[in-house]
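See structure below.
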Amino acid sequence: MKVLVVGANGQIGQKLIELLQGSDKHEVRAMVRKEEQAEAFKEKGIEAVIADLEGGVDELTDAAQGCDAIVFTAGSGGHTGPDKTLLIDLDGAVKTVEAAEKVGVKRFIMVSALQANNRENWNDKMRPYYAAKHYADRAVEQSSLTYTIVRPGGLLNEPGTGKVEVGQQLERGSIPRADVAAVIFHALDAAHTFNRSFDLVSGEQTISKALKNI
């Protein structure tokens, strides 16, 4: 399938694109905000499209034309305030869902946050972020898309281990970004992950085995 990666210039996005580019069963298109970012991908032989999550749905629809799947791994970043969190992590995600439905993309993977589905377990210092993720996830669940919602714990810039734990009520934990990207890659065409959501942290099971047990 052809996969549009929204948030391609982010760390998870870049690692996922590497996996997709090296795959013999998927193609990839990187969605970025800036011309220089697009050029950097094109220099590596990766198709890239420029679109802004703060723009209109039609802009995102154009970006998704011809794709079979969308992975939303964009985020406003820890240095921004609640306003950008609202515009990117919530409204940007919802607009991407709307664009997917308009253009006929069926497969959608959302990168959320650990326990975003349970208000009682939100981090008090990041409540606007968790609220944005919570309602963006709801929009995905209520859409017509074949979705998977991945809720990773604290993100690490360490080499991936290929060993994870998935579940619905996981304790706080962390996981390398490389392993999050690998889980997304494995989930794309894994039917047992369709219309499912799960927490994700480092663990003892291989990715393929863990995903089969969700």
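The figures that follow rest on heavy atoms only: side chains count, while hydrogens, waters and symmetry mates do not.
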* To do: Determine the minimum heavy-atom distance between I207 and A182, stating which atoms define it.
  => CD1-CB, 3.5 Å
* L145 CG to E98 CD distance, which is reported to the nearest 0.5 Å -> 10.5 Å
* Within 6.0 angstrom of E39 CD, more than 12 heavy atoms from elsewhere -> yes
* Asked: With distance as the sole test, does T96 use its side chain to make a donor-acceptor pair with the main-chain N or O of G92 at under 3.5 Å?
  -> yes
* Taking the side chain from Q205 and the backbone from V164, do they hold a donor-acceptor pair closer than 3.5 Å? -> no
* Asked: Can any side-chain N or O of S202 pair as donor or acceptor with the backbone N or O of S174 at less than 3.5 Å?
  -> yes
* Beyond-backbone contact of D137 with N117, side-chain heavy atoms, under 4.5 angstrom -> no
* Quick one: does E54's side chain get under 4.5 Å of K84's, heavy atoms only? -> yes
* D199 side-chain N/O to V166 backbone N/O, donor-acceptor pair under 3.5 Å -> no
* CG on L86 to CG on D83, rounded to 0.5 Å -> 8.0 Å
* To do: Verify, without hydrogens or angle tests, whether K95 (side chain) and L53 (backbone) share a donor-acceptor contact under 3.5 angstrom.
  => yes
* Structure fact -> Looking only at heavy atoms, the pair that brings L211 and A187 closest together is CD1-N, 4.1 Å
* To do: Look only at the side chain of E141 and the backbone of S197, and say whether a donor-acceptor pair between them is shorter than 3.5 Å.
  => no
* Can you check salt bridge (charged side-chain N to carboxylate O under 4.0 Å, His left out) on R33 and D52, steps first, answer last? -> CA-CA 5 Å; R33 287 191 306 115; D52 192 343; 5.3 Å; no
* Structure fact -> CD of Q65 to CG of L60, rounded to nearest 0.5 Å, is 12.0 Å
* Asked: Quick check: does any side chain N or O of H134 sit under 3.5 Å from a backbone N or O of Y130, one acting as donor and the other as acceptor?
  -> no
* Asked: So with a 6.0 Å cut-off around CD of E204, is the heavy-atom count from everything else above 12?
  -> no
* Between R151 and M110, is any pair of side-chain heavy atoms under 4.5 Å apart? -> no
* Asked: Say you draw a straight line from OG1 of T193 to CD1 of I184; how long is it, rounded to the nearest 0.5 Å?
  -> 11.0 Å
* Structure fact -> Nearest heavy-atom approach of N157 to Q11 is OD1-OE1, 2.6 Å
* To do: Give a yes or no answer on whether the side chain of R177 reaches the backbone of K15 with a donor-acceptor pair at less than 3.5 Å.
  => no
* To do: Kindly determine whether K133 and D89 satisfy salt bridge (charged side-chain N to carboxylate O under 4.0 Å, His left out), including the steps that lead there.
  => CA-CA 6 Å; K133 290 297 187 185; D89 297 85; 3.6 Å; yes
* Does the side chain of F198 reach to within under 4.5 Å of the side chain of L170, using non-hydrogen atoms? -> no
* Does I214 share a hydrophobic cluster with V111, counting links as ILVMFWY side-chain heavy atoms below 4.5 Å and allowing steps through other members? -> yes
* Asked: What distance do I175 atom CD1 and L200 atom CG have between them, rounded to the nearest 0.5 Å?
  -> 3.5 Å
* Note: K2-D68 ion pair, threshold 4.0 Å (strictly below) -> no
* Please check if I88 and V140 belong to a single hydrophobic cluster, counting links between Ile, Leu, Val, Met, Phe, Trp and Tyr side chain heavy atoms closer than 4.5 Å. => yes
* To do: Kindly work out whether a path of hydrophobic side-chain contacts (I/L/V/M/F/W/Y, heavy atoms less than 4.5 Å apart) joins V103 to I50.
  => no
* Asked: Are K25 and D189 close enough that some pair of their side-chain heavy atoms sits under 4.5 Å apart?
  -> yes
* To do: Evaluate the side-chain proximity of V5 to T73: yes if any heavy-atom separation is below 4.5 Å, no if none is.
  => yes
* Asked: Taking R29 for the side chain and A63 for the main chain, is one N or O donor matched with an acceptor at less than 3.5 Å?
  -> yes
* Heavy-atom closest contact (S112 atom, P152 atom, distance) -> O-CD, 3.5 Å
* Structure fact -> Of V3, L20, I109, the one forming a side chain to side chain contact (heavy atoms under 4.5 Å, CB included) with F185 is L20
* Asked: Quick check: are there more than 12 heavy atoms from other residues, nucleotides or ligands sitting under 6.0 Å from NZ of K42?
  -> yes
* Asked: To the nearest 0.5 Å, how far apart are CE in M31 and SG in C67?
  -> 11.0 Å
* With the 4.5 Å side-chain cut-off for hydrophobic clustering, are I46 and V32 part of the same group? -> yes
* Shared hydrophobic cluster for W122 and V201 (ILVMFWY, side-chain gaps under 4.5 Å) -> no
* Asked: Looking only at heavy atoms, what is the nearest atom pair of G160 and P176, with distance?
  -> CA-CB, 4.1 Å
* Asked: Quick one: are T85 and M126 in side-chain contact, heavy atoms under 4.5 Å?
  -> no
* Residue from L4, V97, V71 passing side chain to side chain contact (heavy atoms under 4.5 Å, CB included) with F108 -> V97
* **D179 bridged to K163 by N-O distance under 4.0 Å** => no
* Report yes if the side chains of F41 and I17 come closer than 4.5 Å at any heavy-atom pair, otherwise no. => yes
